[in-house]
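When a residue number appears, it is its place in the shown sequence, counting from 1.
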Amino acid sequence: MRFIHTADWHLGKSLRGHPLIDDQEYILREFLRLIKDVKPDAIIMAGDVYDRALPPVEATELLNEVLTKIVLEEKVKVLMIAGNHDSGGRLDFGNALFERSGLFVRGTADRELKPVVLNDEYGEIYFSLIPYFDPTEAQHIFNISERPTFDEANFAAVTAARKHIPQGKRSVAAAHLFMVGGVSGESERSLAVGGAGNVSPQWFADFNYTALGHLHAPQRVGADKIRYSGSLLKYSFDEVNQKKGVLTVNMDEKGAVAAEFVPLTPRRDLCIVEGQIEDIRADRAKYPVSDDYVFVRLTDTAAVINAYDKLAAVYKNLCGIDFVGIDYNENIIDSENMRQDLSEKELFADFYREVTGQVLSDDQENILKECIEKVYRDERTG
């Protein structure tokens with residue numbers, strides 16, 4: 001069997017105020033052309049279909065168009081799970097009806113986690129679709145006496161899923177999580193404070209292939225058969241040097257897999273430009289006009305008046321400026337540049353310290369963690 005592993009489309013996302021829906025439509029048309037060439041039997045979409053629980057209308061319309069072409073026109077089965085950015089309940093709408101056409105959606109987990117069974121010329125392949133859930137949800141779903149960690153919760157999920165897979169049968173897992181050993185970036189929402197959201201690769205060792213979502217860089221974790229496909233597009237400037245695309249996976253009659261990364265070319269790229277403002281404005285050979293999404297690092301040692309407007313004349317999709325040449329007084333805080341990468345917990349801790357002059361206690365941190373997780377949980381369930 002041949003299938004394509006993709007994840008983290010984040011439909012409806014914006015990049016520093018620039019809506020990316022046109023870029024997403026473009027890259028998904030590239031994806032559709034690849035499907036015509038590769039002719040896969042199935043596609044696994046491993047979560048974060050949308051960028052938020054309540055996506056804009058144009059995002060839902062784009063997904064509807066793409067899935068219609070894949071499932072009804074190309075006759076390729078799609079197996080899709082919810083990620084931490086999605087509302088699992090909303091994604092589940094119509095899933096029983098859609099299965100008749102070959103679209104298998106798992107927005108929310110249940111205690112059974114029964115697999116989707118597909119066939120090739122060698123027999124059955126069992127696909128365990130494990131959507132994102134947090135430990136509080138897992139405690140209820142799997143009837144765990146105490147609130148589990150992410151690792152314990154996913155162990156319970158895999159254990160439940162494996163019960164439905166006969167001994168010796170080929171199997172594939174799809175999950176959305178942060179696996180131990182994975183390399184993350186600034187555009188991925190943290191699943192938990194510190195390393196509390198990490199999941200061990202060993203729970204997935206019995207699957208012939210594990211298709212993961214959440215981390216945006218293509219990578220393998222723990223074993224060659226456990227992989228992140230990465231996101232379809234670059235969603236933050238720490239991803240400028242990453243290649244984006246999908247994985248094509250071929251499985252033989254014994255369950256051995258061969259995965260190949262296939263890059264996709266975006267409509268616009270992300271790039272970082274560094275130099276002095278007058279050079280950037282005047283030197284077209286070194287600093288050509290670009291339609292890409294650009295972040296500028298200015299090396300001028302003196303303040304630059306109206307820098308954004310001056311640079312926007314060169315870069316129509318200018319996304320930000322960092323004045324790296326200026327030695328700011330340490331008491332001056334540039335909140336956009338210094339705090340944009342902090343987690344919700346870190347931001348609140350900074351706020352609390354500035355207001356009260358004290359640091360959060362362990363009990364206060366635990367309460368804050370539970371509140372943040374509840375907000376995300378309520379956002380997903382709507």
Next item on the list: Report the C-alpha separation of His214 and Asn84 in whole Å, then their side-chain angles, then the decisive distance to 0.1 Å, and conclude whether the side chain to side chain contact (heavy atoms under 4.5 Å, CB included) test is met.
Entry: CA-CA 8 Å; His214 181 60; Asn84 58 301; 3.3 Å; yes
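- Annotation: side-chain contact (heavy atoms from CB on, under 4.5 Å) contacts of Arg281 (sequence neighbours excluded): Ile277, Glu278, Lys310.
- The closest side-chain donor-acceptor pair between Gln242 and Lys244 falls under 3.5 angstrom.
- Annotation: side-chain hydrogen bond (donor to acceptor under 3.5 Å, both in side chains) contacts of Asp283 (sequence neighbours excluded): none.
- No continuous path of ILVMFWY side-chain contacts below 4.5 Å connects Tyr122 to Met1, so the two sit in separate hydrophobic clusters.
- Of the charged side-chain nitrogens involved, none lies within less than 4.0 Å of a carboxylate oxygen, so that Arg267 and Asp23 do not count as a salt-bridged pair.
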Item checked: Criterion side chain to side chain contact (heavy atoms under 4.5 Å, CB included) on Phe348 and Leu368, from CA distance to verdict -> CA-CA 9 Å; Phe348 187 86; Leu368 175 60; 3.7 Å; yes
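- Counting only distance, with no hydrogens or angles, the side chain of His176 and the backbone of Phe133 share no donor-acceptor pair below 3.5 Å.
- Shown here are the side-chain hydrogen bond (donor to acceptor under 3.5 Å, both in side chains) partners of Thr108, two or more places apart in sequence or in another chain: Asp92.
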Note to self: Would Glu99 and Arg106 count as a salt bridge (charged side-chain N to carboxylate O under 4.0 Å, His left out) here? Give the steps.
What the structure shows: CA-CA 11 Å; Glu99 287 189 7; Arg106 298 292 183 271; 3.0 Å; yes
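- Between Lys13 and Glu58, none of the side-chain N atoms (NZ, or NE/NH1/NH2) sits under 4.0 Å from a carboxylate O, so this pair counts as no salt bridge.
- The closest donor-acceptor contact from the side chain of Glu30 to the backbone of Ile27 lies at 3.5 Å or more, if one exists at all.
- The hydrophobic cluster containing Val257 also contains Leu129, counting ILVMFWY residues as joined when their side-chain heavy atoms lie under 4.5 angstrom apart, directly or transitively.
- Enclosure of atom CZ in Phe261 by more than 12 non-hydrogen atoms of other residues, nucleotides or ligands within 6.0 angstrom is indicated.
- Closest non-hydrogen pair, Pro19 versus Ser14, comes out as CA-OG, 3.5 Å.
- You'll find the ring centres of Phe207 and Tyr126 outside the 6.0 Å limit.
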Next item on the list: Begin from the C-alpha positions of Tyr293 and Tyr315 and carry the test ring pair (Phe, Tyr, Trp, His ring centres under 6.0 Å) through to its verdict.
Entry: CA-CA 8 Å; Tyr293 296 105; Tyr315 306 119; over 10 Å; no
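- With rounding to the nearest 0.5 Å, the separation of CG in Leu298 from CD1 in Ile326 is 8.0 Å.
- Both Met45 and Leu91 are members of a single hydrophobic cluster when ILVMFWY side chains are connected at heavy-atom separations under 4.5 Å.
- Each salt bridge (Lys or Arg N to Asp or Glu O under 4.0 Å) pair with one or both residues in residues 219-235, not counting sequence neighbours, appears once here: Arg220-Asp224, Asp224-Arg227, Lys234-Asp269.
- Around the CG atom of Asn241, the shell of radius 6.0 Å holds no more than 12 heavy atoms that belong to other residues, nucleotides or ligands.
- Within 6.0 Å of OH in Tyr308 there are more than 12 heavy atoms belonging to other residues, nucleotides or ligands.
- Using modelled atom types, one finds no donor on one side chain facing an acceptor on the other under 3.5 Å when comparing Thr149 with Asp151.
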Next item on the list: Determine, stepwise, if the pair Val116 / Leu118 fulfils side chain to side chain contact (heavy atoms under 4.5 Å, CB included).
Entry: CA-CA 7 Å; Val116 174; Leu118 302 182; 4.0 Å; yes
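- Criterion: ILVMFWY side-chain heavy atoms under 4.5 Å apart, direct or through other members. Under it, Leu318 and Val324 are not part of a common hydrophobic cluster.
- Under a cut-off of 6.0 angstrom, the local environment of CZ in Arg284 is crowded, with over 12 non-hydrogen atoms contributed by other residues, nucleotides or ligands.
- Linking Ile, Leu, Val, Met, Phe, Trp and Tyr residues whenever their side-chain heavy atoms come within less than 4.5 Å places Ile125 and Phe3 in a single cluster.
- Shown here is Glu121, whose CD atom has more than 12 heavy atoms of other residues, nucleotides or ligands within 6.0 Å.
- Atom SG in Cys319 sits 4.0 Å away from atom NE2 in His18 (nearest 0.5 Å).
- Sequence neighbours left out, the pairs with a member in residues 108-120 that pass salt bridge (Lys or Arg N to Asp or Glu O under 4.0 Å) are Asp120-Arg170.
- In this structure, Tyr50 has its ring center at least 6.0 angstrom away from the ring center of His85.
- Remark: the backbone N or O of Ala7 is paired with a side-chain donor or acceptor of Ser229 at under 3.5 angstrom.
- Distance CG/Asp291 to CZ/Arg268: 4.5 Å, rounded to 0.5 Å.
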For residues 71-79, which side-chain N or O atoms pair as donor and acceptor with protein atoms under 3.5 Å away, sequence neighbours left out?
unit_1 : atom_1 : unit_2 : atom_2 : d
Glu74  : OE2    : Lys36  : NZ     : 2.6
Lys75  : NZ     : Leu72  : O      : 3.0

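- Checked against Leu177 for a side chain to side chain contact (heavy atoms under 4.5 Å, CB included), the options Leu212, Leu215, Asn198 give a single hit: Leu212.
- Note on ring orientation: taking the six-membered ring where Trp is involved, the planes of Phe295 and Phe237 are tilted (angle from 30° to 60°).
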